[in-house]
Amino acid sequence: MSTEETAPVAHSNFIHEIIDSDNVSGKFGGRVHTRFPPEPNGYLHIGHAKSICLNFGTARKYGGKCNLRFDDTNPTKEDVEYVDSIQEDVRWLGFNWDGLYYASDYFEQIYQFAEQLIQKGLAYVDSSTLEEIRSQRGTLTEPGQNSRFRDRPVAESLDLFRRMRAGEFQDGAHVLRAKIDMAHPNMNMRDPLLYRIRHAEHHRTGNTWCIYPLYDFTHGYSDSIEGITHSICTLEFENHRPLYDWLIDVLDLYHPQQIEFARLNLTHTMMSKRKLLELVETGTVSGWDDPRMPTIAGIRRRGYTPSAMRAFCDEIGVTKFNSLNDVVVLENAVRSDLNKTAPRAMAVLKPLKIVLTNYPEGQVEDLEAINNPEDPAAGTRQVPFSKVLYIEQDDFMENPPKQFFRLAPGREVRLRWGYLITCQEAVKDPATGEVIELRCTYDPETRGGNAPDGRKVKSTIHWVSAEHAITAEVRLYDHLFEIANVADIPDGDDWKSHLNPKSLVVVPKAKLERSLATAVPGYKCQFERLGYFCVDKDSQPQAIVFNRTVTLKDEWAKIQKKGG
RNA sequence: UGCCCGAUAGUGUAACGGUAGCACAACAGAUUUUGGUUCUGUUUGUCCAGGUUCGAAUCCUGGUCGGGCAACCA
């Protein structure tokens, strides 16, 4: 277990306190061995990232081990495709597992445990129908009733169970159940089902089995077999812990400790695998790795870094409180990471042409630009400057309010790494009245951006040379949902009506500085004053595509919002 | 109507019987060739009611509110 790079020691949490006290008492002989146990039935999302960081991070903190174990007990839902994507995602997050296991590795052992339970009179084959079992389970407030097969002789159960394995019965004909207490206040203890018949091909065991153990019967035994010390899972399994403990104790096996924590919830998105699948299947998003998706694949394609993800998971903490984390914390994590590492470049999303009337026709200058003010080692580059440039439409206002510092008629601003320019005239489309071009003058004495007379300008804006710019597609992403808390959507409401219609805005013809022409998929940089962007996998050498990972903080946008 | 779990600034999270702190957000200022970054400061909090104690966010009791549980899913 290791990470690709050294990271600051993670914050402590209640689980680490439990481990500390176990290490003091010697409960596990000072060992720490965790596991991340996904079911290979879908793509991992950022909620899984929290669990991955917790499990692998805990092992790292204590010098212990962490296994990756696929919980593959339901052949009808699982697929090897997901096994591969899960491994890729875990590695991308920067973790390497100590053991790679599958619950299906233990099918024979678990089967033997089942026989032992039957022989001890602690499990029986129930030949009731699904409906009977359901109706006899009772309710939250009423006890259930014993199955008429509950007191079937041990020999008979054993015989039936072996014949279940041998494939003599159809799906649903029998199940194996634990014999605990049908009146138990915890529903999970009311003779829980242990095995069901499924004549289905398993992605690993093929047709070897036609009976498959259920989660509760599999998970604790898998933990026990692997010598897991702390079996960390989410809160909804809290009610399963008595069963977890019971199953291990009645067979007198090595007993890991299950500990539950609250799963991640994030504003403006959701973690429901079923609903995410619906977005994929209806074409609402382009796929599981659509950059708007909260999947690890989507977040990766969006341009997030593994270290930002780890920092986020550390920042939000681990508790048993069912919380809703603000997505701005995630955004802040990637900003602070990329701020230190991402080279800067200039790109204009909504071009406004400006002509420098006093700049020599045909002249081109290479100006030196600093690649990353946060990282001197990133060096400098040359950017071409000429008579006709593009600036951002948002950086000009004909009648600016008091707080607007940028370009306006008669006003001087600095072109980043370029010259000080003054706007002399705004040329309008006579038909629409829209400003389509600016006539400006430049001060030849201000090359690089400083005036010899020491005069100051209030604003520095970005630009590209029209002649030298490359044209590229830029995809601007925003929150998937307009509503902050998807849990607030009332039952019966069409949840899709709360999707953000502007979650993707495509800019087909953005103007990028020349140096970006060779950027390859995965390349991350900051477009100065706009945000962090990365080259999408759809990108082609002559048709570059950038994704916006996250905007920069924007004081002016905030002022506008208040004023508006 | 049963059982289990939880509750600390706007959000998230520390404090483990002894000064309620941190991050993000918000607000104000400084710096700045990105209205970015960085730095400084400010505002805002222990769900309620009792009890134990010299002293309670912390321990106890009772409430309130929130979450989970009745798949041959995990």
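Below, chains carry the letters A, B, ... as their sequence lines are ordered, and counting in each starts from 1.
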A:L264 CG to B:U13 P: how many Å, rounded? 10 Å
Inspect the contact between A:R69 and A:D223 and indicate whether a charged nitrogen and a carboxylate oxygen are less than 4.0 angstrom apart. yes
Roughly, in whole Å, what's the span from NE2 in A:H11 to P in B:G21? 17 Å
Please name the pair of heavy atoms, one in A:L516 and one in A:C525, separated by the smallest distance, quoted to 0.1 Å. CD1-SG, 4.5 Å
Just checking A:V175: base, sugar-phosphate only, or nothing, at a heavy-atom cut-off of under 4.0 Å? base
Any base atoms under 4.0 Å from A:V318, or only sugar-phosphate, or nothing? Heavy atoms, all strands. sugar-phosphate
Between B:G10 and B:U19, how far apart are the P atoms? Round to whole Å, please. 23 Å
Taking only residues two or more places apart in sequence, or in another chain, which ones meet A:N371 in a side chain to side chain donor-acceptor pair (under 3.5 Å)? A:R381
Heavy-atom contacts, protein to nucleotides 34-41 of chain B, under 4.0 Å, summarised as B (base), S (sugar-phosphate only) or - (none) per nt, yield BBBS----
Assess the residue pair A:V175 and A:V125 against the criterion (side-chain contact (heavy atoms from CB on, under 4.5 Å)); give the C-alpha distance rounded to whole Å, side-chain angles, the decisive distance to 0.1 Å, and a yes or no. CA-CA 6 Å; A:V175 291; A:V125 170; over 6 Å; no
What residues from residues 67-76 of chain A pass a heavy-atom cutoff of under 4.0 Å to RNA chain B? A:D71, A:T73, A:N74
Tell me if the aromatic rings of A:Y419 and A:F385 count as close, with their centers under 6.0 Å from one another. yes
Could you give the distance separating B:U42 and B:G63 at their P atoms, to the nearest angstrom? 43 Å
So, A:E392 and A:R406, do they make that salt bridge, N to O below 4.0 Å? no
Any A:S323 side-chain N or O less than 4.0 Å from OP1/OP2 of B:U13: yes
Comparing nearest nucleotides in RNA chain B, the 5'-proximal residue of the pair A:N450, A:F237 is A:N450
Would you please test A:D488 and A:I483 for side-chain contact (heavy atoms from CB on, under 4.5 Å) and show each step? CA-CA 8 Å; A:D488 286 344; A:I483 190 170; 4.2 Å; yes
Ring centre gap for A:Y195 and A:F161 strictly below 6.0 Å: yes
Provide the distance between the two P atoms, one in B:A30 and one in B:G18, to the nearest whole Å. 42 Å
What contact category does A:T139 fall into here, base, sugar-phosphate, or nothing, at under 4.0 angstrom with non-hydrogen atoms? base
Taking the ring centre of each residue, are A:F14 and A:F261 less than 6.0 Å apart? no
When rounded to whole Å, the CG to C1' distance for the pair A:L243 and B:A70 reads 15 Å
Can any side-chain N or O of A:D375 pair as donor or acceptor with the backbone N or O of A:N372 at less than 3.5 Å? no
Heavy atoms under 4.0 Å, any strand shown: does A:H462 hit a base, just sugar-phosphate, or nothing? nothing
In whole Å, measure the gap between the P atoms of B:A56 and B:U1 for me. 35 Å
Determine which bases of RNA chain B form Watson-Crick or G-U wobble pairs with both distances under 3.5 Å, and write the result as a 5' to 3' dot-bracket string with | for other-strand partners. .((((((..((((....[..)))).(((((.......)))))....(((((..]....))))))))))).....
How does protein reach along nucleotides 2-10 of chain B, written 5' to 3' as B (base within reach of a heavy atom under 4.0 Å), S (only sugar-phosphate), or - (no contact)? BSBSSS---
Figure out the CG/P separation between A:D126 and B:A71, and round it to whole Å. 15 Å
C1'-based separation of B:C47 from B:G6 [nearest Å]: 12 Å
Salt bridge (Lys or Arg N to Asp or Glu O under 4.0 Å), that's the test. Do A:K350 and A:D394 meet it? Break it down for me. CA-CA 8 Å; A:K350 289 188 288 180; A:D394 293 346; 3.1 Å; yes
Please measure how far the P atom in B:C27 lies from the corresponding atom in B:A49, and state the result in whole Å. 33 Å
How is A:L415 classified with respect to the nucleic acid when contacts are heavy atoms under 4.0 Å: base, sugar-phosphate, or nothing? nothing
P-based separation of B:A57 from B:C4 [nearest Å]: 27 Å
Any residue meeting side-chain contact (heavy atoms from CB on, under 4.5 Å) with A:D443, in chain and number order, not counting sequence neighbours: A:E445, A:T446, A:R455
Regarding A:S128, tell me which of base, sugar-phosphate or nothing describes its non-hydrogen contacts under 4.0 Å with the strands shown. base
Taking atom P in both B:A25 and B:G12, what distance in whole Å separates the two? 16 Å
Nearest-Å distance for atom pair CG/C1', residues A:D191 and B:C72: 15 Å
Please determine if a side-chain N or O atom of A:R190 lies less than 4.0 Å away from the OP1 or OP2 oxygen of B:C69. no
Look only at the side chain of A:D126 and the backbone of A:R177, and say whether a donor-acceptor pair between them is shorter than 3.5 Å. no
Under the criterion ring pair (Phe, Tyr, Trp, His ring centres under 6.0 Å), I'd like the reasoning laid out for A:H268 against A:F481: C-alpha separation, chi angles, the key distance, then a yes or no. CA-CA 5 Å; A:H268 298 290; A:F481 283 87; 8.9 Å; no
Between B:C72 (C1') and A:H199 (NE2): distance, integer Å: 13 Å
Classify A:Y212 by what it touches in the nucleic acid, base, sugar-phosphate, or nothing, heavy-atom distance under 4.0 Å. nothing
Does NZ or CZ of A:R198 come closer than 6.0 Å to the centre of the six-membered ring of A:Y212, within 45° of the ring's axis? no
Mind telling me whether B:A7 is syn or anti, cutoff 90° either side of 0? anti
Given atom CG of A:N13 and atom C1' of B:G12, what is their separation to the nearest angstrom? 14 Å
Any A:R134 side-chain N or O less than 4.0 Å from OP1/OP2 of B:A70: no
To the nearest angstrom, the CG-C1' distance between A:L266 and B:A25 comes to 16 Å
Validation row, ring centre A:F107 to ring centre A:H202 under 6.0 Å: yes
